[in-house]
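Dropping a structure here in structure tokens format, bear with me for questions.
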There are 2 protein chains.
Amino acid sequence: MGNQKLYKGSLQTIILKLLEEKDKMYGYEITQKVKELTKGELNITEGALYPALHKLEAEGLLDVEVAKVDNRLRKYYKLTENGTKETASKLAEMEEFLRTMQSIVNPKFSLE
Amino acid sequence: MGNQKLYKGSLQTIILKLLEEKDKMYGYEITQKVKELTKGELNITEGALYPALHKLEAEGLLDVEVAKVDNRLRKYYKLTENGTKETASKLAEMEEFLRTMQSIVNPKFSLE
DNA sequence: TGTTATACATAAGAAAATTATGCATATATT
DNA sequence: AATATATGCATAATTTTCTTATGTATAACA
């Protein structure tokens, strides 16, 4: 990929956004969904994902619910009320960031 | 700002892009230019900027030229030949990243 | 004369990732 | 039957990249 490092700092927002769309997801599902959405460009590693999920849970933005499917463990995460608010806020910040970066790397197309 | 952390990983690209536009700039000038371009949203700290410039120089992407203006030191940086190539490459990666993030946070507007 | 602006630099620490490793079950392949 | 790949979780060690704090020095302004 090469540009993986650009995604640094955006993982939390990505997780929250996916959970805003789907209501409840488990870790592995998130990695697959992101791979699909980005056509393979972004591959979330487990070493990044699980600590991020745990942190969001610890901050009270996610609730977790354990399930057993096909004799295998799954941890379903969903937004808390607070998580929903925080998602809106983080998405707004992300959009601002994207606009700003656009205006830097492609000034001509950002006269708005 | 709040969303400063989203810029993590994009500093090199920003520096290179500015130098592609202006030919030669010094550190302090870069911080001011970025502040102006982003309407104060992004404030590059010295602790991030100077190490980044030194690294780009060490990698052979930038040449440095020292000048004395008003009895104060300035270090002007400019792109090397290799730096120009790398800039194009990094800008392409950045644009890909921005497109991808757009498509994640705002799927409706990214059907292109 | 003290504060703000200009101009460089580095060190300590924090945040967020990568890489490596581990455990366990299910499914597909040879 | 054995092996590899996929599913599913987790953590530890390390690296990268930043923030925060600190240092030096000159110029301009109040």
Side-chain angles (χ1 to χ4, degrees), chain A residues 1-16 24-36 38 40-59 61-62 64-77 90 93-94 97 101, chain B residues 1-16 24-36 40-59 62 64-77 90 93-94 97 101:
Chain A
M1 287 338 99
N3 63 342
Q4 287 274 21
K5 88 162 73 132
L6 293 174
Y7 289 91
K8 220 173 249 263
S10 54
L11 179 56
Q12 278 199 7
T13 306
I14 292 173
I15 293 171
L16 294 174
K24 92 180 183 184
M25 295 181 84
Y26 57 100
Y28 186 75
E29 185 186 8
I30 290 174
T31 66
Q32 300 309 300
K33 183 66 180 173
V34 167
K35 199 183 292 185
E36 176 205 325
T38 66
E41 193 194 326
L42 176 55
N43 289 294
I44 297 181
T45 61
E46 297 153 300
L49 178 69
Y50 292 114
L53 287 172
H54 300 162
K55 191 173 178 222
L56 290 169
E57 192 198 344
E59 288 169 352
L61 305 186
L62 299 184
V64 69
E65 175 199 326
V66 178
K68 199 147 195 174
V69 178
D70 287 334
N71 205 34
R72 265 194 305 248
L73 194 73
R74 277 185 191 173
K75 287 196 170 177
Y76 282 97
Y77 291 91
K90 281 207 192 300
E93 282 176 7
M94 175 60 76
F97 162 71
M101 280 308 308
Chain B
M1 287 341 101
N3 63 344
Q4 287 274 18
K5 88 161 71 133
L6 292 174
Y7 289 92
K8 215 173 251 267
S10 55
L11 179 56
Q12 278 198 8
T13 306
I14 292 172
I15 293 171
L16 293 173
K24 92 180 184 186
M25 295 180 85
Y26 58 100
Y28 186 76
E29 184 185 9
I30 291 174
T31 65
Q32 299 309 300
K33 183 68 180 174
V34 168
K35 197 181 294 185
E36 175 205 326
E41 196 196 329
L42 176 57
N43 288 295
I44 298 180
T45 61
E46 297 152 301
L49 177 68
Y50 293 113
L53 287 171
H54 300 162
K55 191 170 178 229
L56 290 170
E57 191 197 345
E59 288 169 352
L62 298 185
V64 68
E65 176 199 324
V66 179
K68 198 146 198 177
V69 178
D70 286 335
N71 204 34
R72 267 195 304 250
L73 194 72
R74 277 186 192 173
K75 287 194 170 179
Y76 281 98
Y77 290 91
K90 281 205 191 302
E93 282 175 6
M94 175 60 77
F97 161 71
M101 280 308 307

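In the text below, chain A, chain B and the rest are named by the order of the sequence lines, each starting its count at 1.
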B:Tyr50 OH to D:dT22 C1', straight-line distance once rounded to whole Å: 15 Å
By side chain to side chain contact (heavy atoms under 4.5 Å, CB included), A:Glu59 pairs with (sequence neighbours left out) A:Gln12, A:Lys55, A:Leu56, A:Leu61
Could you state the interatomic distance from CD1 (B:Ile30) to OH (B:Tyr50), rounded to the nearest 0.5 Å? 8.5 Å
With respect to the phosphate group of C:dT10, does any side-chain polar atom (N or O) of B:His54 fall under 4.0 Å of OP1 or OP2? yes
Please list, pair by pair, any protein nitrogen or oxygen found under 3.5 Å from a nitrogen or oxygen in nucleotides 28-30 of chain D.
none

In whole Å, what is the span from the OH atom of B:Tyr76 to the C1' atom of C:dC8? 14 Å
Identify all pairs in which a protein N or O lies below 3.5 Å from an N or O of nucleotides 15-18 of chain C, and state each distance.
residue: C:dA16; atom: OP1; partner: B:Lys5; partner atom: NZ; Å: 3.1
residue: C:dA16; atom: OP2; partner: A:Lys55; partner atom: NZ; Å: 2.8
residue: C:dA17; atom: OP1; partner: A:Gly9; partner atom: N; Å: 3.3
residue: C:dT18; atom: OP2; partner: A:Thr45; partner atom: OG1; Å: 2.7

From CG of A:Leu73 over to C1' of C:dA26, roughly how many Å is that when rounded to an integer? 14 Å
Expected output: side-chain A:Glu29 to main-chain A:Tyr26 donor-acceptor under 3.5 Å: yes
Please tell me if B:Tyr26 has a side-chain N or O lying less than 4.0 Å from either OP1 or OP2 of C:dC8. no
Taking side chain to side chain contact (heavy atoms under 4.5 Å, CB included) as the test, write out the residues that go with A:Thr38, two or more places apart. A:Val34, A:Glu41, A:Leu42, B:Thr100, B:Ile104
Under the rule for side chain to side chain contact (heavy atoms under 4.5 Å, CB included), what residues qualify as partners of A:Lys33, not counting sequence neighbours? A:Leu18, A:Met25, A:Glu36, A:Leu37
Quick check: A:Tyr7 with B:Phe97 (ring centres under 6.0 Å apart)? yes
Separation of C:dT27 atom C1' from A:Asn71 atom CG, nearest Å, is 14 Å
Output all residues satisfying side chain to side chain contact (heavy atoms under 4.5 Å, CB included) with A:Val66, sequence neighbours left out; order by chain, then residue number. A:Leu73, A:Lys75
Separation of A:Gln32 atom CD from D:dA6 atom P, in whole Å? 10 Å
Without decimals, in angstroms, what is the distance between B:Glu29 CD and C:dA5 P? 18 Å
In this structure, how many angstroms lie between the P atom of C:dA7 and the CE atom of B:Met25, rounded? 12 Å
Atom NZ in A:Lys35, atom CD1 in A:Ile44: separation rounded to 0.5 Å? 10.0 Å
Locate the shortest heavy-atom distance separating A:Gly9 from B:Leu6; write the atom from each residue and the value. O-CD2, 3.3 Å
Could you tell me the separation between the NZ atom of B:Lys90 and the P atom of D:dT17, rounded to a whole number of Å? 9 Å
